[in-house]
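Before any comments, here is the structure.
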Amino acid sequence: MTTPLISGKIGEMADWKEGMPPVVRFAPSPTGYLHVGGARTALFNFLFARHHGGRFILRIEDTDRKRYQPDALAEIFASLKWLGLQWDEGPEAGGGAGPYFQSLRTALYREHADRLLAAGRAYRCFCTEERLAQLRLEQEKAKMAHGSGYDRHCRDLEEARVRALLAADTPHVVRLKVPDDRSVAFHDLIRGDIAYDSAQLDDLVLLKSDGFPTYHLANVVDDHLMGISHVLRGDEWIASTPKHILIYEAFGWAPPLFAHMPVILAPDGGKLSKRRGAASVLDYQRAGFLPEALRNFLALLGWAPGDDREVMPLEELIAAFTLERVQAKAAVFDETKLEWMNGVYLQRRSAESLLPDVQAIWEKMELAHDALADEVFLKKVIAMFKERSRKIGEIAENSLYFFRDPLEYDAQAAKKYFKPDMLPRIDALLAALADLQPFAQDALEGLYRRLAEELGVSAGKLIHPTRLAVSGVGFGPGLFEMLETLGRETVLRRLRKARGQIAARGQDGN
RNA sequence: GGCGCUAUCGUCUAGGGGUUAGGACGGGUGAUUCUCAGUCACUAAACCGGGGUUCGAAUCCCCGUAGCGCUGCCA
């Protein structure tokens, strides 16, 4: 893929006008996994593009060779795809504005830095890292109220001196000449007008001594060249935006529109991290969350549709999403609510669609092979448990008695239901169940109700002990559905086993 | 330290001068088919503080406070 070094002439970039399809980008840095904060930013970009019929570009900002992690890329792609945030242009997708890796565009950035150099808007700086560190130390000590940052030491070097240093191959960076005492203002679509005094900004580095651009240069050049109309990014970039405005100005380009998304915080109000809740998108996948649930939950962090809807499938999110309704306040990631929402989506899912994920968990549990091979049976089990589970894993874990006899009985439930007076009732059940035709839900219910009446007890007196006998626990799906799926042979076996337990207990006086 | 952003129930939020400040999660109480970790109903719970502007402020302005961000040849 060849890209012209410079596309678009200076000053020709038109402002985006209301009604034009917007072009947005998500620009992660491959320094680690994609965390939910980044995912939310990607989601808002995606929703914004879809809502307005625009384009969503994925661009990889891999200009920091020190922090680059080779695995990060695959993880980021997998995370976005899992969440259903397919990008229109970018790695794997292609597009006319590529390449979409900044490391492949370094010639472009150098070219642009040269233009600024030639125009007198930037200068070469030969200061060593040691000098800069020393400078910072002194400023710290002096607690300088003003003018902290680079001291412009190289800003006015004589031309001859610069030539000599260049001839000697002296390492150097390129810095922007930031104007003195000017107000640099921009309009944030979420927060309104924000203004900085240029005296607050030091002469930032555009090109590093290794030839790679800084984020500031690469981001401005790429956003311009890729025709980005709206920059939707995390609010940690607010303070950098005036620098970017200055760079656009130096190039003679019209800046895009900006909207800074609020951050997502951990429950303790601190930064989200691996230690405080998962944070990584793929960790949530592993923990048994559905992509549509995480996506819906994330959309509601910092955004609301304005009415009382909360459970909103993707199409609804796209239809309702507008930047005006994005909140400026940071939001705490409340995993409990995520779990609730996951439960909602679990109920909405078909057993069929859940099968692969649940099956994968069951298969790690050394269960009987023949049962695991019977998909019809598995889907019945999933159907029963997805209604009352909050994570995929719960479906697999709470349904184990469909694959093997319970090893023990819940003590509390046993104390309540496994009493000696149950023995004759179990005998009656055993006899009736052995002959029941068909061994199916409705017939089973009829049998239980009839028998209860004959014995002069409430149906619950038969139902609860049966549940405990066949499942080992005091809760679960409807009993008759459960018995039908388990099958006559299994049910009778487990009832007999429970009968033995109760008899033994009776003798112990328990 | 400087600069900036933010501030409604515990949490996510609605609200854009006049409301009994609404909804959701979680909590509590109750109901329910055989259980609930399901479902339904009910309930407790908030405008950070102080000044203005106004007949009237959750809403507009200022100050304070707190939290967060930036202050890198990281993004």
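What you are looking at is a predicted structure, and each value in this text was computed from that prediction instead of being measured. Chain letters run A, B, ... following the sequence lines, proteins first, then strands; residues in each count from 1.
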Checklist entry - So what does A:Gln347 hit on the nucleic acid, given a heavy-atom distance under 4.0 Å: a base, only sugar-phosphate, or nothing? => result sugar-phosphate
Checklist entry - Just checking A:Gly474: base, sugar-phosphate only, or nothing, at a heavy-atom cut-off of under 4.0 Å? => result base
Item to check | Carboxylate-amine/guanidinium proximity below 4.0 Å for A:Arg131 and A:Asp151 | outcome: yes
Checklist entry - How many Å lie between CG on A:Leu483 and P on B:U35, as a whole number? => result 15 Å
Next on the checklist: Out of the candidates A:Lys177, A:His153, A:Arg155, only one should pair with A:Asp203 under the side-chain hydrogen bond (donor to acceptor under 3.5 Å, both in side chains) rule; please name it.
Outcome noted: A:Arg155
Checklist outcome for this item: Taken to the nearest whole Å, CD/A:Glu335 to P/B:C25 is 17 Å
Next on the checklist: In this structure, how many angstroms lie between the P atom of B:U35 and the CG atom of A:Asn398, rounded?
Outcome noted: 18 Å
Checklist entry - Using 30° and 60° as the class limits, which term best fits the ring planes of A:Tyr284 and A:Phe333: parallel, tilted or perpendicular? => result tilted
Next on the checklist: Going by purine N1 to pyrimidine N3 plus the second Watson-Crick contact, or the G-U wobble pair, all under 3.5 Å, which nucleotide sits opposite B:G1?
Outcome noted: B:U71
Checklist entry - Reckon A:Arg325 touches a base, only the sugar-phosphate, or nothing at all at heavy-atom distances under 4.0 Å? => result sugar-phosphate
Item to check | Nearest-Å distance once atom C1' is located in both B:G52 and B:U13 | outcome: 29 Å
Checklist outcome for this item: Among the nucleotides B:C34, B:C5, B:U13, whichever has the atom closest to the side chain of A:Leu479 is B:C34
Checklist entry - Across all strands, who's sitting opposite B:U54 as a Watson-Crick or G-U wobble pair, both distances under 3.5 Å? => result none
Checklist entry - Start at the 5' end of RNA chain B and walk down; is the nucleotide closest to A:Pro262 or to A:Leu265 reached first? => result A:Pro262
Checklist entry - Would you call the rings of A:His35 and A:Tyr33 parallel, tilted or perpendicular, where under 30° means parallel and over 60° means perpendicular? => result perpendicular
Next on the checklist: Checking base pairs now: Watson-Crick or wobble, both atom distances under 3.5 Å. What partners B:A46?
Outcome noted: none
Checklist entry - If we call it a pair only when both distances are under 3.5 Å in a Watson-Crick or G-U wobble match, what pairs with B:C40? => result B:G30
Item to check | Geometric class of the A:His216/A:His244 ring pair [parallel <30°, tilted 30-60°, perpendicular >60°] | outcome: tilted
Item to check | Watson-Crick or G-U counterpart of B:U20, or none if no pair lies under 3.5 Å | outcome: none
Next on the checklist: Taking any heavy-atom pair under 4.0 Å as a contact, classify A:Gly302: base, sugar-phosphate, or nothing.
Outcome noted: sugar-phosphate
Checklist entry - So, A:Glu138 versus A:Gln134: side-chain donor-acceptor pair below 3.5 Å or not? => result yes
Checklist entry - Tell me: CG of A:Leu468 to P of B:U35, nearest whole Å? => result 15 Å
Checklist entry - Do A:Tyr109 and A:Thr63 have side-chain atoms, one donor and one acceptor, less than 3.5 Å apart? => result no
Next on the checklist: Under 3.5 Å for both donor-acceptor distances, Watson-Crick or wobble: does B:U6 have a partner, and if so which one?
Outcome noted: B:A66
Checklist entry - Relative to the ring of A:Phe321, is the ring of A:Phe44 parallel (under 30°), tilted (30 to 60°) or perpendicular (over 60°)? => result tilted
Checklist entry - How close or far is atom P of B:G27 from atom CH2 of A:Trp340, stated in whole angstroms? => result 13 Å
Checklist entry - Rounding to a whole Å, what distance do you find between A:Leu298:CG and B:U13:P? => result 11 Å
Checklist entry - With sequence neighbours left out, what residues match A:Tyr196 under ring pair (Phe, Tyr, Trp, His ring centres under 6.0 Å)? => result none
Checklist entry - Does B:U59 have a Watson-Crick or wobble partner in any strand here, with both distances under 3.5 angstrom, and which is it? => result none
Checklist entry - Taking the nucleotide of RNA chain B with the closest heavy atom to each, which residue, A:Leu300 or A:Gly192, is nearer the 5' end? => result A:Gly192
Atom pairs, protein N/O to nucleotides 72-75 of chain B N/O, distance under 3.5 Å:
{"unit_1": "B:C73", "atom_1": "OP1", "unit_2": "A:Arg136", "atom_2": "NH2", "d": "3.2"}
{"unit_1": "B:C73", "atom_1": "O2", "unit_2": "A:Ser209", "atom_2": "N", "d": "2.7"}
{"unit_1": "B:C73", "atom_1": "O2", "unit_2": "A:Ser209", "atom_2": "OG", "d": "2.8"}
{"unit_1": "B:C73", "atom_1": "N3", "unit_2": "A:Ser209", "atom_2": "OG", "d": "3.0"}
{"unit_1": "B:C73", "atom_1": "N4", "unit_2": "A:Cys127", "atom_2": "O", "d": "3.2"}
{"unit_1": "B:C74", "atom_1": "OP2", "unit_2": "A:Lys208", "atom_2": "NZ", "d": "2.6"}
{"unit_1": "B:C74", "atom_1": "O2'", "unit_2": "A:Asp64", "atom_2": "OD2", "d": "2.6"}
{"unit_1": "B:C74", "atom_1": "O2'", "unit_2": "A:Arg67", "atom_2": "NE", "d": "3.3"}
{"unit_1": "B:C74", "atom_1": "O2'", "unit_2": "A:Arg67", "atom_2": "NH2", "d": "3.3"}
{"unit_1": "B:C74", "atom_1": "O2", "unit_2": "A:Arg67", "atom_2": "NH2", "d": "3.2"}
{"unit_1": "B:A75", "atom_1": "OP1", "unit_2": "A:Thr63", "atom_2": "OG1", "d": "2.8"}
{"unit_1": "B:A75", "atom_1": "OP1", "unit_2": "A:Lys208", "atom_2": "NZ", "d": "2.8"}
{"unit_1": "B:A75", "atom_1": "OP2", "unit_2": "A:Tyr215", "atom_2": "N", "d": "3.0"}
{"unit_1": "B:A75", "atom_1": "O3'", "unit_2": "A:Glu61", "atom_2": "OE1", "d": "3.3"}

Checklist entry - Cut-off 3.5 Å, side chains only: do A:Arg233 and A:Thr241 have a donor facing an acceptor? => result yes
Next on the checklist: Under 4.0 Å, counting only non-hydrogen atoms across every strand here, what does A:Phe297 touch: a base, just sugar-phosphate, or nothing?
Outcome noted: nothing
Item to check | Side chain A:His51, main chain A:Ala319, donor-acceptor under 3.5 Å | outcome: yes
Checklist entry - With a non-hydrogen cut-off below 4.0 angstrom, is A:Arg309 in contact with a base, only sugar-phosphate, or nothing? => result nothing
Checklist entry - Is A:Ala459 touching bases, backbone alone, or none of the nucleic acid, heavy atoms closer than 4.0 Å? => result nothing
Checklist outcome for this item: A:Lys416 NZ to B:C34 C1', in whole Å, measures 12 Å
Next on the checklist: Looking only at the side chain of A:Thr336 (C-beta and beyond, no hydrogens), which of the listed nucleotides B:U6, B:G26, B:C34 gets closest?
Outcome noted: B:G26
Checklist outcome for this item: Here the distance between atom C1' of B:C5 and atom CD of A:Gln327, to the nearest Å, is 13 Å
Checklist entry - Using a cut-off of 4.0 Å on non-hydrogen atoms, how would the nucleic acid contact of A:Leu301 be classed: base, sugar-phosphate, or nothing? => result sugar-phosphate
Which pairs, protein N/O on one side and nucleotides 18-23 of chain B N/O on the other, fall under 3.5 Å?
{"unit_1": "B:G23", "atom_1": "N2", "unit_2": "A:Glu310", "atom_2": "OE2", "d": "3.3"}

Next on the checklist: Closer than 4.0 angstrom, basic N to acidic O: yes or no for A:Asp180 and A:Arg152?
Outcome noted: yes
